[in-house]
Amino acid sequence: MDGDSDADGGADARAFERAFAAAYLVFHRRDRAREELSGASRAVLLHLSLSGPPSVGAAATHLGRAQSVVSEIVSQLQRHGWVERLDDPADRRRTLVWLTDEGRSRLEADRRVLSLDLVGAALQRLHADQRTAVVAGLQALVNAASPPPGKDQP
């Protein structure tokens, strides 16, 4: 299926692609918040969010960076209030690093592609039934693209 004929949804696919591109241009984030977080800092925050509180050495090993580099990144993140250092209850000589609530929020905001303010304002201009239909339709499309349980992607 090449996506070009109307019988296989080609016209609908092209219409969706145009609408999606227009929606992205209208609703993408413009706050530059993502630029404030370096790739290395983002990697450390993401690792912490997925791993639990590691030592700086364990985080450095996982990230493939020198311990001194990760320690400096952690210090910068700590100054921002995004991570905290905790005593390891199993070994008081070790320090663990963990995300603060502010750090979790910062990582969540960094990962956001669309402006919730812009999307929310546009949705508020719609009738409640239209809002429900927009969200349900988009979710149905995403669900249709996902393979059924136990099946691999084509």
Side-chain angles (χ1 to χ4, degrees), residues 3 13 16-126 128-154:
F16 177 83
E17 188 277 331
R18 287 188 300 272
F20 183 85
Y24 175 78
L25 291 174
V26 169
F27 297 122
H28 76 276
R29 287 178 49 200
R30 294 169 175 84
D31 59 7
R32 299 187 163 266
R34 186 169 174 83
E35 295 173 11
E36 296 171 7
L37 195 58
S38 72
S41 293
R42 185 176 299 112
V44 170
L45 290 175
L46 183 58
H47 175 65
L48 294 176
S49 75
L50 298 173
S51 72
S55 66
V56 171
T61 298
H62 174 82
L63 295 167
R65 302 264 183 145
Q67 186 169 338
S68 61
V69 170
V70 174
S71 183
E72 178 56 33
I73 293 168
V74 166
S75 293
Q76 290 173 4
L77 294 172
Q78 189 174 17
R79 285 191 292 275
H80 285 291
W82 297 336
V83 300
E84 60 186 343
R85 295 178 194 254
L86 310 166
D87 290 332
D88 184 342
D91 182 350
R92 301 300 260 176
R93 297 170 295 173
R94 284 178 17 132
T95 301
L96 304 177
V97 181
W98 191 227
L99 287 171
T100 62
D101 289 342
E102 189 176 338
R104 278 190 262 311
S105 294
R106 182 64 185 88
L107 184 59
E108 181 182 320
D110 181 71
R111 296 166 104 183
R112 194 170 290 128
V113 176
L114 302 179
S115 165
L116 294 182
D117 291 339
L118 293 173
V119 173
L123 287 171
Q124 286 302 312
R125 291 185 197 109
L126 300 177
D129 291 343
Q130 292 174 308
R131 289 193 301 269
T132 300
V134 166
V135 173
L138 186 55
Q139 188 60 57
L141 183 62
V142 169
N143 292 344
S146 301
K151 299 283 185 180
D152 291 332
Q153 285 279 53

(message) Could you measure the distance from the CG atom of L63 to the NE2 atom of H47? Nearest 0.5 Å is fine.
(response) 5.5 Å

(message) To the closest 0.5 Å, what do you measure between CG (L116) and CG (L114)?
(response) 8.0 Å

(request) For residues Y24 and V113, determine if any side-chain heavy atom of one lies less than 4.5 Å from a side-chain heavy atom of the other. (result) yes

(request) With sequence neighbours left out, write down each residue that passes side-chain hydrogen bond (donor to acceptor under 3.5 Å, both in side chains) with Q78, or none if nothing qualifies. (result) R85

(request) Could you tell me whether a side-chain N or O of T100 sits under 3.5 Å from a main-chain N or O of W82, the two making a donor and an acceptor? (result) yes

(request) Mind checking the CG-CG spacing from D110 to L45? Nearest 0.5 Å is all I need. (result) 8.0 Å

(request) Please collect all salt bridge (charged side-chain N to carboxylate O under 4.0 Å, His left out) contacts where either partner lies in residues 129-142, sequence neighbours excluded, each pair once. (result) none

(request) With sequence neighbours excluded, tell me which residues meet side chain to side chain contact (heavy atoms under 4.5 Å, CB included) with T61. (result) none

(message) For R104, give me all partners under side chain to side chain contact (heavy atoms under 4.5 Å, CB included), at least two apart in sequence or on another chain.
(response) W98, L99, D101

(message) Quick check for you: to the nearest 0.5 Å, what is the distance between T95 atom OG1 and D87 atom CG?
(response) 6.0 Å

(request) Could you list the residues that satisfy side chain to side chain contact (heavy atoms under 4.5 Å, CB included) with F20, not counting sequence neighbours? (result) F16

(message) Please give me the minimum heavy-atom distance between L96 and P89, naming the atom from each residue.
(response) CD1-CD, 4.3 Å

(request) Could you pull out all residues at least two apart from Q139 that satisfy side-chain hydrogen bond (donor to acceptor under 3.5 Å, both in side chains)? (result) N143

(message) For H80, give me all partners under side-chain hydrogen bond (donor to acceptor under 3.5 Å, both in side chains), at least two apart in sequence or on another chain.
(response) none

(message) What I'd like to find out is whether the side chain of V26 reaches to under 4.5 Å of the side chain of L118, using heavy atoms alone.
(response) no

(message) Going by salt bridge (Lys or Arg N to Asp or Glu O under 4.0 Å), name the residues that satisfy it together with D91, two or more places apart in sequence or in a different chain.
(response) R93

(request) Return the minimal non-hydrogen interatomic distance between H28 and L25, and the atom names on each side. (result) ND1-O, 3.2 Å

(message) By the salt bridge (charged side-chain N to carboxylate O under 4.0 Å, His left out) test, which pairs, at least two apart or in different chains, include something from residues 134-146?
(response) none

(request) Using the test side-chain hydrogen bond (donor to acceptor under 3.5 Å, both in side chains), find all partners of D117 that sit at least two apart in sequence or belong to another chain. (result) none

(request) Would you name the heavy atoms of A60 and Q67 that are closest together and state the gap between them? (result) CB-CA, 3.7 Å

(message) Once salt bridge (Lys or Arg N to Asp or Glu O under 4.0 Å) is applied, do any residues pair with E72, and if so which ones, sequence neighbours excluded?
(response) R79

(request) Hey, could you give me the OG/CZ distance between S41 and R106, rounded to the nearest 0.5 Å? (result) 9.5 Å

(message) Can you give me the closest heavy-atom contact between P54 and G52, atom names plus distance?
(response) CD-O, 2.7 Å

(request) Name all residues meeting the side chain to side chain contact (heavy atoms under 4.5 Å, CB included) criterion together with A66; count only those two or more places apart in sequence or in a different chain, and write none if there are none. (result) S68, V69

(message) Do V97 and V56 make a side-chain contact, defined as non-hydrogen atoms from C-beta onward lying under 4.5 Å apart?
(response) yes

(request) Side-chain contact test, heavy atoms from C-beta onward, threshold under 4.5 Å: evaluate it for D88 versus S55 and give yes or no. (result) no

